[in-house]
Structures are given as C-alpha cells and as structure tokens.
Amino acid sequence: MTQDRVVIFDTTLRDGEQSPGATMTHAEKLEIAGLLDEMGVDIIEAGFPIASDGDFNAVSEIAKNAENSVICGLARAQLGDIDRCWDAVKHARQPRIHTFIGTSPLHRAIPNLTMDEMAERIEQTVTHARNLCDNVQWSPMDATRTELDYLYRVVEIAIKCGATTINIPDTVGYTAPRESAELIRKLLENVPGADEVVFATHCHNDLGMATANSLAAVEAGARQIECTINGLGERAGNTALEEVVMALKVRNDIMPYQTGIDSTKIMNISRRVAAVSGFPVQFNKAIVGKNAFAHESGIHQDGMLKNAETFEIMRPADVGLSETNIVMGKHSGRAALRSKLEDLGFELGDNQLKDVFVRFKALADRKKEIYDDDLIALMRTTADPEDERLKIEKLAVRCGTEGPQVADLVMVIDGDRQMTTQTGDGPVDATFNAVKALFPHEARLQLYQVHAVTEGTDAQATVSVRMEENGLIVTGQSADTDTVVASAKAYVHALNRLIVRRGKSGTDRREISYKDVS
C-alpha cells in the first residue's frame, strides 16, 4: 500500500448496528453492504458471526455477494468465535478475521487475566486466526487507556503471530487529537515489525472528537480509518465515514492522502442508513445534514449568489446532493417515481414499488408539492409485510380545550380486526393508550420526537419513537400530514420491530458478554 493511500474500514453493520434500537433486518444488511461495496469501501465489517444465527447468516451472505470489498467478521479472543467467524467470511473473494481482547487494566479485570495470561491468549488466538486466513486484524480494546509498555508488548506479539493489521481503538472516546497522533507515532517507533503491518484507528465520539482523532492518527502514520455511515454506533457513535472522506478531499493541501471512495454516493447511503436504522440525521450534521448546504443569513445568501465558494467549501454535487428538489406531483407515474427513488438511493422490487406508489399518490393528493425529503420519509415507513403483525386500519381522535381527549382506534392484529375507544392527556396519549389496550405490552416509551419534513402547513410530520422492553430497544418511524396518525404509525412500527426482536432465533447479541471491540 502506498503511503498516501488511506484504507476505509466501514463497521456500520457491526458497531453501527449495536446502537440501541438500530437493529437491521437481513435484507437491509445485504442492501447496505451492496451500497458500501459499490461506493468503494475497502473493508466492510459485516457483523459478529458468533452473536446469533441471524448475524452469521448475514455475514455469510454478504461475503458471497461482495464484488470489490474485503469482508470482515468480528471475533472475541476465543477459538470458537474465530472458527465461527471464518465459517462466515470464508465465502468472500477477500475475507478477513478481526479478533480482539481488552488490554487496559479495567478490561483485563473482566476475564480476570494477568498480563502474562492475556499475552498467552493473544498469541494463541491470533495464531489460530492466521492459520485459517491470511488477512487478520487484531485490536487491543481500550488501547488508549492501556499501559504503554504493555501495549508495545501485546502489539509485538500480535504482529509476530501473523496479524496484518493492528487496530488501535479509543473505546470510550477519551483521547484528544494530540494524544491520538502521539500513540500511533510511538507504536511505529518502538514496536519491532510495526513497519510491516497497517496501523488502524477506531475512534468513538463521546467527547465529539472522533473524526479529529482519526485524522490525527493518519497524520502520524495510521493508514486505516474505521468509521460508520452517519457516525452511527455505540453511545455517541463513531468516526463518520462522510466526515473523514470529505475532510481528506477538501483539505488535500495539508493532508495529502487519498481514499477509494466515490463521494457522490455519500448522500444516498446516508439517507438509506438513516431509514433502515431508524436514526434520523440531525439537521446540522456535517456533510449530510439537511442544513449542511442551507443559508438563511442575508450576508451569506448575498455571498452565495455572487460566488458559492464564499460560504461553501464543497459543492452539494460532491456528495451526490441534487441541486433540484421539487420534481414530483400527483400526475407523476410509476416510472418517474422509481427513477426518482433510485436517484435518492432506494432500489425497489416491483411489489414494493406498487405499495410505495399507492402511498405516494395518497400523499400527493394531500400535498401540492412532493420534495425529496417527503419521498425519503415515505420510504422510512415502508415495512416488510411479513413483519407487520400489527396494522392501523382506522383512527379518529377528538381533542380540544376540554379534556380528556378520546381516540377511536381500529387495528388488525395477526389478521384479526379489533377496535377500542380510550382517553388520554392529549390526542397522542389517548392514541397510544388505545394501541396498548388492543396489544398489551410492557415496553417503556423512551423517546417521542416530531419534526416537519418540509415547509408549509401541509408538511409531513415525521415521528420517531424509541421503546425498551427487558433490555430490547427498538425504534419506530412514520410520516404523515396528520401528526397524530404519524405518531400512531410510528408507535405500531416500533411494536412490530419489538415482536421481531422477541422472536429472533439464536442468541441475542446483547447477551454476548465482552463483545465490543470499539
């Protein structure tokens, strides 16, 4: 690998999916993997094969279908994990095993291993992985809080045992950019054989410095950045792929490094990941946020009209954002809708297009103009019919200054039509009470959020809910020009996902202990 080349390692399907409520279906994982492969991502960490049969099957299928990317699976420092990982990734044209163990004092205490015992475990497991696969990545979890002399020791062991990539995770997002660079520099200078392997960086965003820490590590000699689409991941998330790619592209004057990413595909995959994960992108998110290329200040607007470079350091087209927005209406046909959705990053089969088209027409009858964001919101509410055990058929709400408010709800539950009338402290509360009366559950509502998708009094409201039941966390989203209807559908969407999570075969990933490499 040339010194100006930075490898992009995307872990959206592994670390990103570990975000509470962000679990993706098998089909969604395959779709996102295909988009990453097409985009030019060097390595796709497709999942954690030992976590469940579902994870194993997804990694295996992604490995079989990948055309360009290296397909990687995660494994703890256990022989069974590594064997299971290899069984999943071995179908890939370019497979990789990624094995890890926590090396800081806090993490050594979990398996109750001495420094010597952990060193022996590392030697055994990395050697085993290399005997199976010639592309092995090893990570000392919580590396940035590991004693430096011990970090030198275990990294040297991993290299001697055949690891070809050494990843240095900032597991809790504690490091600052200067420290991130200094650690990589010291490892390269003090570990025998360090010049023969690729050093990688995996940074979390707990203090908002993940991207800065990753770029600092690259300047110090790291040549692989681990990241996720939209920065999705545990807690505050990870280094965002779109941020590092565009930072390297825009600031090539001071960071002369190249990636193989097609940046014009960034916006499409960002929107798709937001849709399937249920995690909407905040409006002011760098690169992909709705306001990233918006200007309201009169001074900014005047400058933009005269020369766009006065207030924009990149063009919307650089990330695949179309300059035009209003193109669809009630007279648009199926072919136009399919073409527009493809431009936005959505590939639809004939049956799915038929369903979306019906709902598009219904929306077009209520809105004068259909914006890109309206279509994205519409796609976010597209459910797999097999996963729709609960469905709202009819909802009528009576509200006003005099309470209590009343909701009349008709739902179809496993094909059985049921109805109820419930009251509540407001129309949304009454509606949620009605859903719970027809489908009793113990899930606790953790988040209820509403925002307008586009401008105007006929704008769609997008509602996001997050619910928790016995450690299972799910999210639901829906959009409608009626906020209460959108709320009801989002609530039911979350319950449908909860039912799927309840019934998943195999071990749930949250029962896997000591799992997180990042």
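Under the 3.5 Å distance criterion, the side-chain polar atoms of S214 are matched with a main-chain donor or acceptor of A210. Between the side chain of T211 and the main chain of T239, no donor-acceptor pair closer than 3.5 Å is present. Remark: the backbone N or O of V41 is paired with a side-chain donor or acceptor of S69 at under 3.5 angstrom. Proximity of a side-chain donor or acceptor of H493 to a complementary backbone N or O of Q477 within less than 3.5 Å is detected. A side-chain donor-acceptor contact under 3.5 Å links T127 to the backbone of E123. Side chain of D4 to backbone of Q258: no donor-acceptor contact under 3.5 angstrom is found. Using a distance-only test at 3.5 Å, with no hydrogens or angles considered, no donor-acceptor pair links the side chain of T165 to the main chain of Q137. Checking side-chain atoms of E117 against main-chain N and O of T114 turns up a donor-acceptor pair under 3.5 Å. Between the side chain of D142 and the backbone N or O of T146 there is no donor-acceptor pair closer than 3.5 Å. No donor-acceptor pair closer than 3.5 Å links the side chain of H204 to the backbone N or O of D206.
Using a 4.5 Å heavy-atom threshold, the side chains of I43 and C72 count as touching. Annotation: side chain of Q124 is in contact with side chain of L79 (closest heavy-atom distance under 4.5 Å). Contact of the E226 side chain with the N167 side chain is registered, since non-hydrogen atoms from C-beta on lie closer than 4.5 Å. Put simply, the side chain of R466 does not reach to within 4.5 Å of the side chain of Q449, judged on heavy atoms. The side-chain heavy atoms of Y491 and M467, taken from C-beta on, include a pair separated by under 4.5 Å. Counting heavy atoms from C-beta on, the side chains of L341 and L348 come closer than 4.5 Å. Counting heavy atoms from C-beta on, the side chains of R223 and R5 never come closer than 4.5 Å. Taking the side chain as every heavy atom from C-beta outward, C133 and I97 approach each other to under 4.5 Å.
Remark: R108 engages E147 in a salt bridge, criterion side-chain N to carboxylate O under 4.0 Å. Taking a cutoff of 4.0 Å between a charged side-chain nitrogen and a carboxylate oxygen, D116 and R121 do not qualify as a salt bridge. Here R145 does not pair with D170 in a salt bridge; the nearest charged N to carboxylate O distance is not below 4.0 Å. Ionic pairing of R315 and D318 is present here: one or more N-O contacts between side-chain nitrogen and carboxylate oxygen are shorter than 4.0 angstrom. Checked for salt-bridge contact, K160 and E156 meet the test: a charged N lies under 4.0 Å from a carboxylate O. A salt bridge is defined here as a Lys NZ or Arg NE, NH1 or NH2 lying under 4.0 Å from an Asp or Glu carboxylate O, and R444 with E469 fails to meet this definition.
For the 3.5 Å distance criterion, the side chains of Q18 and E234 qualify, holding a donor opposite an acceptor. Side-chain contact, H202 with N238: a donor N or O sits under 3.5 Å from an acceptor N or O.
Taking CG of N57 as the reference point, atom CG of L30 lies at 10.5 Å (rounded to 0.5 Å). Note that CG of N65 and OG of S60 are 9.5 Å apart. Values are rounded to the nearest 0.5 Å. Between L13 atom CG and M24 atom CE the span is 5.5 Å, to the nearest 0.5 Å. The CG atom of L241 lies 11.0 Å from the CE atom of M246; values are rounded to the nearest 0.5 Å. Atom CG of D87 and atom CD1 of I50 lie 9.5 Å apart (nearest 0.5 Å). Between atom NZ of residue K64 and atom CD1 of residue I62 there is a gap of 12.0 Å, rounded to the nearest 0.5 Å.
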Open item on the list: With side chain to side chain contact (heavy atoms under 4.5 Å, CB included) as the criterion, how do Q94 and N135 come out once you've worked through the C-alpha distance, each side chain's angles and the decisive distance to 0.1 Å?
Closed with: CA-CA 8 Å; Q94 303 177 79; N135 189 339; 5.9 Å; no

### Message
Please evaluate residues M115 and R153 with respect to the criterion side chain to side chain contact (heavy atoms under 4.5 Å, CB included), reporting the C-alpha separation (whole Å), side-chain torsions for both, the decisive distance (0.1 Å), and the verdict.
### Response
CA-CA 10 Å; M115 286 183 170; R153 176 185 174 188; 4.3 Å; yes

Under the criterion side chain to side chain contact (heavy atoms under 4.5 Å, CB included), I'd like the reasoning laid out for E242 against N230: C-alpha separation, chi angles, the key distance, then a yes or no. CA-CA 7 Å; E242 61 275 7; N230 299 338; 3.9 Å; yes

For this session: Let me see the working for H26 and E61 under side chain to side chain donor-acceptor pair (under 3.5 Å), right down to the final yes or no.
Result: CA-CA 9 Å; H26 182 83; E61 196 69 22; 5.1 Å; no

* Trace of the side chain to side chain contact (heavy atoms under 4.5 Å, CB included) decision for I168 with T201 -> CA-CA 5 Å; I168 304 300; T201 181; 5.6 Å; no

- [ ] Test R497 against E388 for salt bridge (Lys or Arg N to Asp or Glu O under 4.0 Å), laying out the working first.
- [x] CA-CA 9 Å; R497 297 185 79 172; E388 254 190 318; over 6 Å; no

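Contact between D134 and T164 at its shortest, heavy atoms only, is O-CG2, 3.7 Å. For the pair I229 and S270, the tightest heavy-atom approach, listed with the atom from each and the gap, is CG2-CA, 3.7 Å. The minimum heavy-atom distance linking A240 with C227 is given by the pair C-CB, 4.1 Å. In plain terms, the two heavy atoms of L74 and P49 that are nearest each other are O-CD, 3.4 Å. When all heavy atoms of A119 and I157 are compared, the pair lying nearest together is CB-CD1, 3.7 Å. Scanning both residues, P20 and F279, for their nearest heavy atoms gives O-CZ, 3.2 Å.
Within 6.0 Å of OH in Y174 there are 12 or fewer heavy atoms belonging to other residues, nucleotides or ligands.
In this structure, R96 fails the cation-pi test against F9, since its NZ or CZ atom is not both closer than 6.0 Å to the six-membered ring centre and inside 45 degrees of the ring normal. Annotation: cation-pi geometry not satisfied between R76 and F100 (NZ/CZ under 6.0 angstrom from ring centroid, within 45° of ring axis).
The only member of T12, D55, T11, V276 that meets side chain to side chain contact (heavy atoms under 4.5 Å, CB included) when paired with E17 is D55.
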